Structures are given as structure tokens and as C-alpha cells.
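Comments concern the structure below.
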Amino acid sequence: MLGRTLREVSTALKQGHITPTELCQKCLSLIKKTKFLNAYITVSEEVALKQAEESEKRYKKGHSLGDLDGIPVAVKDNFSTSSIETTCASNMLKGYVPPYNATVVQKLLDKGAVLMGKTNLDEFAMGSGSTDGVFGPVKNPWSYSKQYREKRKQKAHGENEDSNWLITGGSSGGSAAAVAAFTCFAALGSDTGGSTRNPAAHCGVVGFKPSYGLVSRHGLIPLVNSMDVPGILTRCVDDAAIVLGMLAGHDPKDSTTIQDPVKPFTLPTFADVNKLCIGIPKEYLAPELSSEVRSFWSKAANLFESEGAKVIEVSLPHTSYSIVCYHVLCTSEVASNMARFDGLEYGHRCDINVSTEAMYAATRREGFNDVVRGRILSGNFFLLKENYENYFIKAQKVRRLIANDFVNVFNSGVDVLLTPTTLSEAVPYLEFIKEDNRTRSAQDDIFTQAVNMAGLPAVSVPVALSNQGLPIGLQFIGRAFCDQQLLKIAKWFEKQVQFPVIQLQELMDDCSSDFEIEKLSSVSLKQ
Amino acid sequence: MWARAVKLGLRSWVGWRRGFTSKADPQRSGRVTAEVIEHLERLALVDFGSQEAVARLEKAIAFADRLRAVDTDGVEPMESVLEDRCLYLRSDNVVEGNCAEELLQNAHRVVEEYFVAPPGNISLPKQDEQEPFSHI
């Protein structure tokens with residue numbers, strides 16, 4: 001039952017094959033079994049069971065709230081959830097309990113979704129590995145899959161299989177792992193530079209980034225106000241469309257949401273592939289791109305062509321500057337957004353009481369990790385009077401050039417762009433940490449951040465397994481506010497590639513021995 | 001007693017900054033001078049904490065310098081991707097609130113309905129000050 005799609009489970013609930021409480025309990029028990037993945041920071045067991053109970057009552061009366069009623073979901077821990085601790089994986093917000101729900105969380109709950117818990121992330125969503133939060137790194141469920149382990153047995157014998165586990169990607173790694181490991185049917189992530197699509201590609205799930213302005217950011221603890229969007233992670237494109245249908249729309253509490261009426265997001269079967277024009281940006285053929293990803297990218301393009309679509313090479317000339325531009329704008333906005341954490345009204349507060357400045361400084365030193373502090377300082381540097389014009393304003397100008405690149409390409413008749421999501425499959429944690437956070441982010445965000453700068457919708461769809469048995473995803477980028485069309489095309493593509501289901505059965509059977517390994521080698525997990 | 005604890009805590013921070021400027025790190029380009037560091041730390045109210053952090057900032061700046069190569073003559077800065085649309089604010093009517101108690105619960109130091117802050121208008125100690133708070 002847990003391996004089904006959201007739509008299938010919803011039908012099962014409506015037909016009474018399973019009750020919301022049973023479903024909730026199955027998910028809770030699986031969360032316990034997969035605790036070593038460290039995907040969840042907080043498991044809201046009591047809340048979930050209560051919500052499941054209420055959902056059950058509704059189903060019994062025949063008053064279900066819709067497709068999401070009774071469905072277990074998870075939410076990234078940078079979304080405010082009323083009465084449930086929200087930490088952003090940071091010491092600064094440990095113990096912080098918001099007094100309100102983020103709009104997207106409220107919308108899910110209003111539709112009857114059952115909240116399993118808050119998922120792990122990089123501290124304040126800064127990072128591309130989900131390795132830099134205070135609750136420890138998230139492990140990729142594929143590290144424990146039959147598909148990966150079988151390939152490894154061919155190479156290394158007698159190695160402790162747990163020591164070389166793989167990262168999930170980030171920063172919404174916990175959400176991606178939670179969905180990939182079947183502990184929930186959908187999860188919310190956030191996407192500022194690729195934070196939803198990157199872990200989706202590494203964990204073999206669908207990661208969808210809506211157009212900027214379509215989904216409310218109220219309650220999402222902000223990183224970069226002009227680029228953040230809530231992201232949706234699910235196991236198939238159709239499920240993502242269902243969730244998007246519940247979340248999209250104007251929110252009076254978020255003035256950056258557009259007021260246009262939102263079209264329904266049901267996805268009819270897409271039959272007009274031969275009328276499509278797919279663009280392949282030539283600048284995305286980076287030298288660091290792994291040959292496997294390149295080959296799948298090429299095969300995908302050929303697939304569209306064989307079905308009659310027009311596949312053309314296009315140019316986004318400012319691509320090589322987009323990561324630099326993103327770096328400047330991101331750190332600048334971060335410097336401003338992180339200024340609210342001073343220890344006075346919420347969050348961590350140090351013991352120094354000599355002066356407000358001393359108190360703020362010490363609180364922020366204790367509360368933030370190196371990555372966050374580094375970005376704040378970089379941002380402040382770029383915003384200094386003498387640097388403002390040369391860095392910040394310059395980056396804003398380059399941003400316009402990048403956004404215009406996309407506009408020009410779409411105006412030339414291209415419907416959708418097809419690009420890789422990541423440079424390669426997921427790497428082992430021990431290898432990932434050899435470089436620092438900023439370097440990794442600059443490398444890993446290369447295909448994803450330009451989309452955030454232009455505010456376009458994009459989706460990462462898992463395509464196939466690599467030679468090592470690990471997922472590889474490809475990204476589709478659509479026109480602004482053409483999210484439905486983008487998802488229609490992605491759904492068609494998903495059906496063609498038939499990405500294999502992760503085989504975690506071995507894991508479930510010998511999960512007791514995994515617990516032993518976990519006690520020895522894990523970082524402290526939140527209880 | 002708390003004053004002593006404060007002095008010890010702050011002294012280690014001030015001590016780091018003093019120690020830092022006396023070393024010459026061959027890896028650093030010298031773009032980020034001690035003056036800039038002090039200025040940034042004061043503005044951001046976040047400290048560098050180590051040589052590595054300063055080196056990282058220098059790398060970040062070098063990375064950002066690549067933007068100089070882009071020709072942006074006649075290009076307007078872009079603040080928001082939604083610049084072509086009207087974005088609306090809510091009307092100025094009070095429809096929710098009255099939750100002072102709930103909000104105060106998240107603060108560490110509260111007296112009645114006030115957030116308690118330490119005294120203001122006292123600047124952080126400068127790098128060359130020996131005893132930062134001898135006047136307290």
C-alpha cells in the first residue's frame with residue numbers, strides 16, 4: 001500500500017480498502033524503521049494520529065475533503081507549523097514553536113492531509129547536500145537499495161556497507177528521502193537555487209518547482225525573497241499535480257502571489273507530442289557533466305524526436321555567469337533576511353547582557369553555523385556602499401540578461417527546455433565533504449539556479465539508473481505560469497521511461513542489524 | 001560574577017581579532033583588510049571566527065568578480081521577476097491579532113508584556129581596546 005501513488009491510495013481510502021488510521025500507522029512504523037536515514041527532525045506522531053482519526057470520521061460519513069484527505073505528507077523544517085517545533089536545522093531556532101501555520105501547510109491540512117513530521121535539511125536551506133544541519137546529514141535511501149548494493153558487491157567485498165552511504169542532495173534532502181523511502185506520499189520542500197530538484201534527482205523522485213508567484217511563501221522562513229518558492233516532492237508527476245492544485249493560488253498574506261485565477265491541474269493524457277518544440281540549451285553541456293547523464297539527456301532528446309517532436313539546440317548565452325550572479329544576489333538577500341535573528345523575540349538567546357549589540361553578536365555566533373555566517377558576511381560585503389554598484393546592482397543587471405535569455409528562447413517557439421538536473425548521480429558523503437559548502441553549491445546548482453532567477457517553473461523527473469544502480473534525473477523548464485503544460489509533458493515522459501521502483505525489501509527484513517550499525521556510526525538524532 | 005563571564009567570553013573574541021592581524025597568511029589576497037573585517041563584523045553582528053572564514057570570503061569575492069566581464073550597458077537592474085505585474089497589498093484593516101501571550105512565549109526574557117533587551121547604544125569593543133567593559 002505504501003508503494004502506491006497518491007491517487008491510488010486516495011481511491012483505496014474512498015473505497016474503504018484501508019482506513020486513514022491504518023495508513024498513518026503504517027507510515028509511522030516505517031518512519032521508525034528508517035530512522036537511520038535521518039530524514040525527519042520531528043515526527044509528529046500524536047498530531048498525525050489525531051488527524052487520521054478525524055479523516056476517518058469524515059470518510060465514514062461520506063464527507064471526504066478530496067484527494068488529499070487522510071494522505072500522509074511531510075513538510076520541510078523551514079515551513080512554520082503551529083505548535084510543532086520548526087528549527088530550520090539550526091541552533092538559532094531550536095525549540096522555536098511557531099504560533100501559526102505557513103499558508104501551504106494550512107492548505108494541506110484544510111484538505112485533510114495527515115502531517116507525519118518535519119523533515120531534515122541543510123541549515124537554513126543553505127547547501128546542496130543536506131549535510132550541514134545541526135541534526136546531522138540525511139542518508140540517501142538508495143544507499144540501501146538492492147539495486148545499488150548488488151552493483152557494489154561486484155566491486156568491493158567485506159566492506160562495511162553503511163560507512164560509504166550516499167548523500168541525498170539538498171537542501172530538501174529530508175523531504176526527498178522521506179518520499180523515496182515510502183514514509184509519506186508527498187512532501188513539501190523549498191526551492192531557491194534547486195533545493196527541491198537536486199535531491200529529487202538524487203533520490204529518484206519527482207521534484208517540482210512552481211512558477212514564482214504561483215504558490216504562497218507566507219510561513220516559509222525566507223532565504224532569498226525574490227527567488228524562494230515552496231517545492232513539491234512526490235513519487236510521480238500526477239501526484240505533484242494533485243498537490244499543486246491544492247496549493248496554488250493568490251494568498252492575501254503574500255503580496256508576491258499573483259491574482260490571476262488558477263486553472264485546475266488535472267493532467268489529461270498528452271497526445272500532441274508531435275506538435276512540441278523541445279529546446280536543448282547548448283551551454284548546459286558542461287565539461288563536468290558525467291558521461292552517463294549526458295547519454296541519458298541525449299536519449300531523452302531522441303525519444304521526443306522519434307515521437308515527432310521538434311528538438312532544437314538553443315542558446316542561453318549568459319549561462320556561464322548565472323551561478324556567479326546567483327551567488328551575489330543570494331548572499332545579499334540572505335544577509336538581510338538573517339538580520340531578524342537577534343534572540344530577542346524568538347529563537348536562541350545567549351547569556352550575555354552587557355549590551356544589545358554584544359548580545360546579538362554572541363547569539364548569532366552561537367546560533368548560526370559556518371555556512372550561514374559565511375553567507376551573511378559575504379552578503380554584507382557586497383552590500384557595502386563602496387561595493388553596492390559593482391556587485392549587487394551589477395548582479396541585478398545580469399539577472400535581467402539571464403531572464404531575457406529564457407524569454408528569447410521561449411519566444412522563438414520553444415515550448416519546453418530539456419536539461420540535466422545534476423552533474424552526476426549521488427556521491428558518497430565522505431567524498432562530498434572534501435569540498436566546502438560554497439564550492440559544492442556552486443558546482444551542484446549549475447543547472448538549476450538560473451530557473452530561480454528567471455522565476456520559471458521546472459520539474460526534475462527520474463529517468464533511469466546509472467551503472468552503479470543510482471537514480472539520474474532530467475529537468476524540464478517551462479514558460480512562466482505554464483505549470484500545467486510543463487507537468488503534462490513531464491507526465492508523458494515519465495510514462496515512456498518507466499523508472500524502476502526502489503527495492504528496499506532487504507532493508508526492511510534486516511532492519512534490526514541496521515539499527516546496530518546505526519548506533520555505532522550515527523550522529524546524534526533528534527529524539 | 002556575570003560581568004567576569006562576559007569579559008572572558010568577549011576577550012577570546014577580541015583576542016582572536018588582535019591575533020589575526022599580526023599573522024600574514026600567504027593564501028590571502030589582502031583584499032579583505034582588517035578594517036573591512038571589523039566593519040563587516042559590526043554591520044552583520046556575526047564574527048568571522050577564523051582565518052579560513054576570511055579566506056573563504058576572499059574566494060567568494062574573487063568568484064563574484066567574474067561578473068565584471070559581462071557587458072551591462074543600458075541594462076536596468078531586475079528586482080523581481082514579477083515587475084510587469086501589479087502586486088497588491090492587503091487593505092489596512094485589522095482582522096487578526098490579540099495573541100500577545102502566544103507571541104511572548106517564544107521569547108527567553110519577558111517581563112509582563114515586554115521583551116527584555118540589554119542596554120542599547122553601547123558599541124562593540126574595537127580591536128585595540130584592552131578592557132572593553134571596564135566602565136561597567
Side-chain angles (χ1 to χ4, degrees), chain A residues 96-97 99 212-213 226 252-253 255-256 258-259 318 321 324-325 327-328 331 335 342-347 349 351-362 364-365 368 370 373-374 376-378 380-382 384 390-391 393-401 403 436 438 442 454-455 480, chain B residues 2-3 5-6 9-10 13 32 36 39-49 52-53 56-57 59-61 63-64 66-70 72 75-82 85-90 99 102-103 105-109 115-125 133 136:
Chain A
Y96 167 64
V97 179
Y212 180 85
S226 64
K253 292 183 184 169
S255 65
T256 58
I258 57 162
Q259 298 221 322
H318 295 93
Y321 298 107
V324 185
C325 178
H327 161 72
V328 174
T331 49
D342 55 19
L344 264 186
E345 292 161 40
Y346 46 78
R349 179 174 174 151
D351 288 327
I352 292 178
N353 258 321
V354 167
S355 71
T356 44
E357 279 204 22
M359 190 276 273
Y360 293 168
R364 288 155 72 82
R365 185 190 336 138
F368 292 138
D370 286 342
R373 296 204 331 250
I376 293 173
L377 289 163
S378 301
N380 275 100
F381 180 84
F382 298 132
L384 288 176
N390 294 331
Y391 289 97
I393 300 287
K394 181 83 181 180
Q396 286 190 317
K397 291 179 180 175
V398 177
R399 182 178 182 177
R400 183 178 294 283
L401 293 174
D436 71 58
R438 190 193 65 80
Chain B
W2 57 264
V6 161
L10 283 175
W13 184 18
V32 180
V36 170
H39 190 40
L40 284 178
E41 285 187 340
R42 207 186 218 109
L43 282 177
L45 286 179
V46 148
D47 62 330
F48 278 87
E52 284 82 39
R56 259 180 271 150
L57 174 62
K59 278 198 203 127
I61 298 169
F63 188 58
R66 290 198 217 169
L67 284 181
R68 288 173 203 253
V70 186
T72 51
V75 180
E76 284 298 300
M78 178 185 241
E79 280 173 6
S80 165
V81 295
L82 299 176
R85 295 172 176 262
C86 277
L87 299 176
Y88 298 88
L89 296 176
R90 281 183 281 179
C99 51
E102 235 185 318
L103 295 177
Q105 269 173 17
N106 271 315
H108 279 258
R109 268 173 232 194
F115 294 109
V116 178
N121 257 337
I122 302 173
S123 307
L124 284 179
F133 295 104
I136 290 176

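Not measured: the values here are computed from a predicted model. A, B, ... follow the sequence lines: proteins, then strands. Residue 1 opens every chain.
- Among all heavy-atom pairs drawn from B/Leu82 and A/Gly213, the shortest one is CD1-CA, 4.1 Å.
- When every heavy atom of B/Arg90 is checked against every heavy atom of A/Pro252, the shortest pair comes out as CG-O, 3.1 Å.
- Put simply, OG on B/Ser80 and CD on A/Gln396 are 10.5 Å apart, with the number rounded to the nearest 0.5 Å.
- In terms of heavy atoms, A/Ser255 sits closest to B/Leu87 at O-CB, 3.3 Å.
- Interface residue A/Arg438: only side-chain heavy atoms are found under 4.5 Å from chain B.
- Chain B forms more heavy-atom pairs under 4.5 Å with one residue of A/Ile376, A/Leu384, A/Asp342 than with any other, namely A/Leu384.
- Of the possible donor and acceptor atoms, none in the side chain of A/His327 sits under 3.5 Å from a partner among the backbone N and O of B/Ile61.
- Counting only heavy atoms from C-beta outward, the side chains of B/Val81 and A/Arg399 approach each other to under 4.5 Å.
- Counting heavy-atom pairs under 4.5 Å between each of A/Ala454, A/Ser226, A/Ala480 and chain B puts A/Ala454 at the top.
- Both the backbone and the side chain of A/Glu357 come within less than 4.5 Å of a heavy atom in chain B.
- The main-chain N or O of B/Asp47 is found under 3.5 Å from a side-chain atom of A/Arg373 such that the two form a donor-acceptor pair.
- Taking each heavy atom of A/Phe368 and B/Val46 in turn, the nearest pair found is CD1-CG2, 4.3 Å.
- Judged by distance alone, the side chain of A/Lys397 and the main-chain N or O of B/Val70 form no donor-acceptor pair under 3.5 Å.
- Contacts of A/Ala335 with chain B are absent, with no heavy-atom separation under 4.5 Å from either backbone or side chain.
- Nearest heavy-atom pair, A/Arg364 versus B/Ala44, reported as atom, atom and distance to 0.1 Å: NH2-O, 3.0 Å.
- Here A/Val324 is the residue among A/Ile258, A/Val324, A/Val97 with the most heavy-atom pairs under 4.5 Å with chain B.
- To the nearest 0.5 Å, atoms CD1 (A/Ile393) and CE (B/Met78) are separated by 14.0 Å.
- If you tally non-hydrogen atom pairs under 4.5 Å between each of A/Tyr360, A/Phe382, A/Phe381 and chain B, the highest count goes to A/Phe381.
- To the nearest 0.5 Å, atom CG of residue A/Leu344 and atom CZ of residue B/Arg109 are 10.0 Å apart.
- Shortest non-hydrogen contact noted between A/Thr356 and B/Gly120 is OG1-CA, 3.5 Å.
- Both the backbone and the side chain of B/Tyr88 come within less than 4.5 Å of a heavy atom in chain A.
- Heavy atoms of A/Ala442 lying under 4.5 Å from chain B belong exclusively to its side chain.
- With rounding to the nearest 0.5 Å, the separation of CD in B/Gln105 from OH in A/Tyr96 is 12.0 Å.
- Annotation: side chain of A/Asp370 is in contact with side chain of B/Arg56 (closest heavy-atom distance under 4.5 Å).
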